**Q** 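I have a structure I would like to understand better, so I am pasting it below and will then ask my questions one at a time.
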Amino acid sequence: AIGVSKNINDKLRVGARAKLLFGGVGAAIDNRELAIDVNNDFSHTIHSDVMLNVSGPVSFVTNADNMVESVEVWDDINPFDILLNSSNNGVAFDIGAEYQLLHNLSLSASVVDLGFLAWKTDVFNLRARNDFIFDGFDVSDVIEGEQEFDDMLDNFADSLLDSFELMSGSDKFSMGMPAKLYIGAQYRPLNYLGIGLLSRSTINEGHLSQALSLSANLYAGDILSTSLTYTMANRSYNNLGFGLAVKMGPVQLYTVADQIPVSWVRLESMEDDISIPLPNRLDFINLRFGINLVFGKVKQKVQDKPMLLE
């Protein structure tokens, strides 16, 4: 990524950044038609016309009608080959602005991840264009111990998978990046303390999701900064985040984590006397780290000149 920023005047600063993207494993669903009818016996008939595009180290086993029976993951996967795969590439752009409304109050707005990613290697195209009847789960076998609950879900997933047909050829596909709109404000009552409010709107395939974050930021000059955030998003109100940045000359190291769960429980082992803390609920955690090379205007040193007395 490469970015530039410029002070328009004493109050307004604007910036932009271009990013080159690479993808290792990806999947995209093209939902052309999906309808559900409720039958008289309360079963459900699902009418579908769905394209599933996959790029990754997998193989699909099909029957004589080219319908998918199972998915197999390659045995000789090299993680470095996936991470360093430059064949699946794309671009994205960020733009933003910051306005200093008062000496201790700033407003900001930015649009992030305007771009796409094109998938070209190890591509498979699957299509489900049929009717699928779902008559519910029979949990009596699970209650009586004749079947595990996981096995029941696996059977349902296999039934869904069997409705996909592996298309001939391997058409390349593209995915738009989820664009994000940020609008925020930061108040600095002290030089080393900042309190922020940030609104995030994510647009992904025509769907809009909202999030609101409160943050407290500590600054140790221009060298060290930390941030603690609390986020309300997707009807979830227990998301914490943490950030740390260290600047050493023109090099800035940073790490950011969010979706850190607030509620934890302990898994006790009476035999081994071990207590392991586990999150009460965990969907995912975001963790990012990186390096920025910061170049800017060098402050000119004031040179004292001797006074001349006449």
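Just the heavy atoms: all of them, side chains too, but no hydrogens, waters or symmetry mates, feed the values below. Please read all numbers here as calculations on a predicted model, not as lab measurements.
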**Q** Please state whether the rings of Trp119 and Phe173 are parallel, tilted or perpendicular, taking 30° and 60° as the class boundaries.
**A**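 Because their plane-to-plane angle is under 30°, the rings of Trp119 and Phe173 count as parallel.
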
**Q** Taking all heavy atoms of Trp74 and all of Ser59, pick out the closest pair and write down the distance.
**A**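 Scanning both residues completely, I find the closest heavy atoms to be NE1-OG, 3.1 Å.
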
**Q** Can you tell me how far apart CG (Leu114) and CD1 (Ile95) are? Round to the nearest 0.5 Å.
**A**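 Reported value, rounded in 0.5 Å steps: 6.5 Å.
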
**Q** In Å and rounded to the nearest 0.5 Å, what is the NZ to CG distance from Lys172 to Asn53?
**A**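 Result: 13.5 Å between the selected atoms.
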
**Q** Identify the two heavy atoms, one from Tyr219 and one from Gly194, that lie closest to each other, and give their separation to 0.1 Å.
**A**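 Result for this residue pair: CE1-N, 4.0 Å.
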
**Q** Should Asn88 and Thr121 count as side-chain neighbours, where that means a heavy-atom distance under 4.5 Å?
**A**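 Yes, close enough: below the 4.5 Å cut-off.
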
**Q** Set out, in order, the CA-CA distance, both residues' side-chain angles and the distance that settles side-chain hydrogen bond (donor to acceptor under 3.5 Å, both in side chains) for Gln210 and Ser201, then state yes or no.
**A** CA-CA 5 Å; Gln210 294 286 138; Ser201 303; 2.7 Å; yes

**Q** Can you get from Leu197 to Leu101 by hopping between Ile, Leu, Val, Met, Phe, Trp and Tyr side chains that sit under 4.5 Å apart?
**A**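 No, because Leu197 and Leu101 fall into different hydrophobic clusters, even though each may have its own neighbours under 4.5 Å.
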
**Q** With rounding to the nearest 0.5 Å, note down the distance linking OG1 in Thr255 to CG in Leu244.
**A**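 Those atoms lie 7.5 Å apart.
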
**Q** Shared ILVMFWY cluster between Met177 and Val112, side chains joined below 4.5 angstrom?
**A**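 Met177 does not cluster with Val112.
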
**Q** How about Phe289 and Tyr254: are their ring centres within less than 6.0 Å of each other?
**A**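 No, ring centres 6.0 Å or more apart.
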
**Q** Can you check whether Asn104 reaches Tyr187 side chain to side chain, under 4.5 Å on heavy atoms?
**A**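 SC-SC contact between Asn104 and Tyr187 confirmed.
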
**Q** Given side chains that start at C-beta, do those of Asp113 and Asp94 come closer than 4.5 Å, heavy atoms only?
**A**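 Yes. Closest side-chain heavy atoms under 4.5 Å.
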
**Q** Identify the heavy atoms of Ala185 and Leu107 that sit nearest to each other, and give their distance.
**A**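 Closest approach of Ala185 to Leu107, heavy atoms only: CB-CD2, 3.7 Å.
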
**Q** Can you find a heavy atom in the side chain of Val68 that is under 4.5 Å from one in the side chain of Val61?
**A**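 No; the side chains remain at least 4.5 Å from each other.
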
**Q** Should Leu105 and Ile195 be counted in the same cluster of Ile, Leu, Val, Met, Phe, Trp and Tyr side chains packed under 4.5 Å apart?
**A**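 No; Ile195 is not reachable from Leu105 via cluster members.
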
**Q** Establish whether Leu253 and Phe242 are linked, either directly or via other cluster members, by ILVMFWY side-chain heavy-atom contacts under 4.5 Å.
**A**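 Linked, Leu253 and Phe242 end up in one cluster.
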
**Q** Side chains of Asn89 and Ser87, heavy atoms from C-beta outward: is any pair under 4.5 Å?
**A**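 Asn89 vs Ser87: side chains apart.
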
**Q** So which heavy atom on Asp171 is nearest to which on Asn125, and how close?
**A**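 Shortest heavy-atom separation between Asp171 and Asn125 comes out as N-OD1, 2.6 Å.
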
**Q** Can you confirm whether Leu293 sits close enough to Val251 that some side-chain heavy atom of one is under 4.5 Å from a side-chain heavy atom of the other?
**A**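 Yes; the side chains approach each other to less than 4.5 Å.
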
**Q** Is the shortest side-chain heavy-atom distance between Pro57 and Ile82 below 4.5 Å?
**A**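 Counting from C-beta outward, Pro57 and Ile82 do come under 4.5 Å.
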
**Q** Considering non-hydrogen atoms only, spot the tightest contact between Met175 and Ala28 and give its length.
**A**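 Closest approach of Met175 to Ala28, heavy atoms only: CG-CB, 3.7 Å.
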
**Q** Decide side-chain hydrogen bond (donor to acceptor under 3.5 Å, both in side chains) for Ser215 and Thr229; before the verdict, give the C-alpha distance in whole Å, the side-chain angles of both, and the deciding distance to 0.1 Å.
**A** CA-CA 4 Å; Ser215 65; Thr229 63; over 6 Å; no

**Q** Salt-bridge test for Asp222 and Lys247: reply yes if a basic N is under 4.0 Å from a carboxylate O, no otherwise.
**A**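 Salt bridge: no.
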
**Q** Pair up each side-chain donor or acceptor in residues 2-10 with any protein partner under 3.5 Å, not counting sequence neighbours, and list the distances.
**A**
| from | atom 1 | to | atom 2 | distance (Å) |
| --- | --- | --- | --- | --- |
| Ser5 | OG | Arg13 | NH2 | 2.7 |
| Asn7 | OD1 | Arg13 | NH1 | 2.6 |
| Asn9 | OD1 | Lys11 | N | 2.8 |
| Asn9 | OD1 | Leu12 | N | 2.8 |

**Q** Taking CG in Leu212 as the centre, count heavy atoms belonging to other residues, nucleotides or ligands within less than 6.0 Å. Is the count above 12?
**A**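 Atom CG in Leu212 is packed in, count exceeds 12.
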
**Q** Could you walk me through whether Arg188 and Leu190 satisfy the side chain to side chain contact (heavy atoms under 4.5 Å, CB included) test, starting with their C-alpha distance in whole Å, then the side-chain angles of each, then the deciding distance to 0.1 Å, before giving a yes or no?
**A** CA-CA 5 Å; Arg188 297 187 65 167; Leu190 302 170; over 6 Å; no

**Q** Show your working on side-chain hydrogen bond (donor to acceptor under 3.5 Å, both in side chains) between Ser227 and Asn217 and close with a plain yes or no.
**A** CA-CA 4 Å; Ser227 177; Asn217 310 290; 2.8 Å; yes

**Q** If you group Ile, Leu, Val, Met, Phe, Trp and Tyr by side-chain heavy-atom gaps below 4.5 Å, do Val111 and Leu198 land in one group?
**A**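 Cluster IDs for Val111 and Leu198 differ.
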
**Q** Does some side-chain heavy atom of Tyr230 sit less than 4.5 Å from a side-chain heavy atom of Leu240?
**A**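 Contact flag for Leu240/Tyr230 side chains = yes.
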
**Q** Could you tell me whether the side chain of Ser108 and the main chain of Ile183 form a donor-acceptor pair under 3.5 Å?
**A**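 Flag not set: sc Ser108 to bb Ile183 has no pair under 3.5 Å.
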
**Q** Please confirm whether the backbone N or O of His207 pairs with a side-chain atom of Asn204, one donor and one acceptor, at under 3.5 Å?
**A**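 Looks like no, no N/O pair under 3.5 Å.
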
**Q** Looking only at heavy atoms, what is the nearest atom pair of Leu287 and Ala257, with distance?
**A**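 Closest heavy-atom pair between Leu287 and Ala257: CD1-CB, 3.9 Å.
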
**Q** Taking atom NZ of Lys19 and atom CZ of Phe93, what is their separation to the nearest 0.5 Å?
**A**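 That separation rounds to 10.0 Å.
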
**Q** Verify side chain to side chain contact (heavy atoms under 4.5 Å, CB included) between Leu126 and Val54, making sure each step is shown before the conclusion.
**A** CA-CA 8 Å; Leu126 302 96; Val54 179; 4.2 Å; yes

**Q** Roughly how far, to the nearest 0.5 Å, is the OH atom of Tyr182 from the OG atom of Ser199?
**A**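 The OG atom of Ser199 sits 10.0 Å away from the OH atom of Tyr182.
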
**Q** Any chance CD1 of Ile29 has more than 12 other-residue heavy atoms, nucleotides or ligands included, within less than 6.0 Å?
**A**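 Counting neighbours around CD1 of Ile29, 12 or fewer heavy atoms of other residues, nucleotides or ligands fall under 6.0 Å, so no.
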
**Q** Report the distance from atom OG of Ser86 to atom CG of Leu21, rounding to the nearest 0.5 Å.
**A**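 CG of Leu21 is found 13.0 Å from OG of Ser86.
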
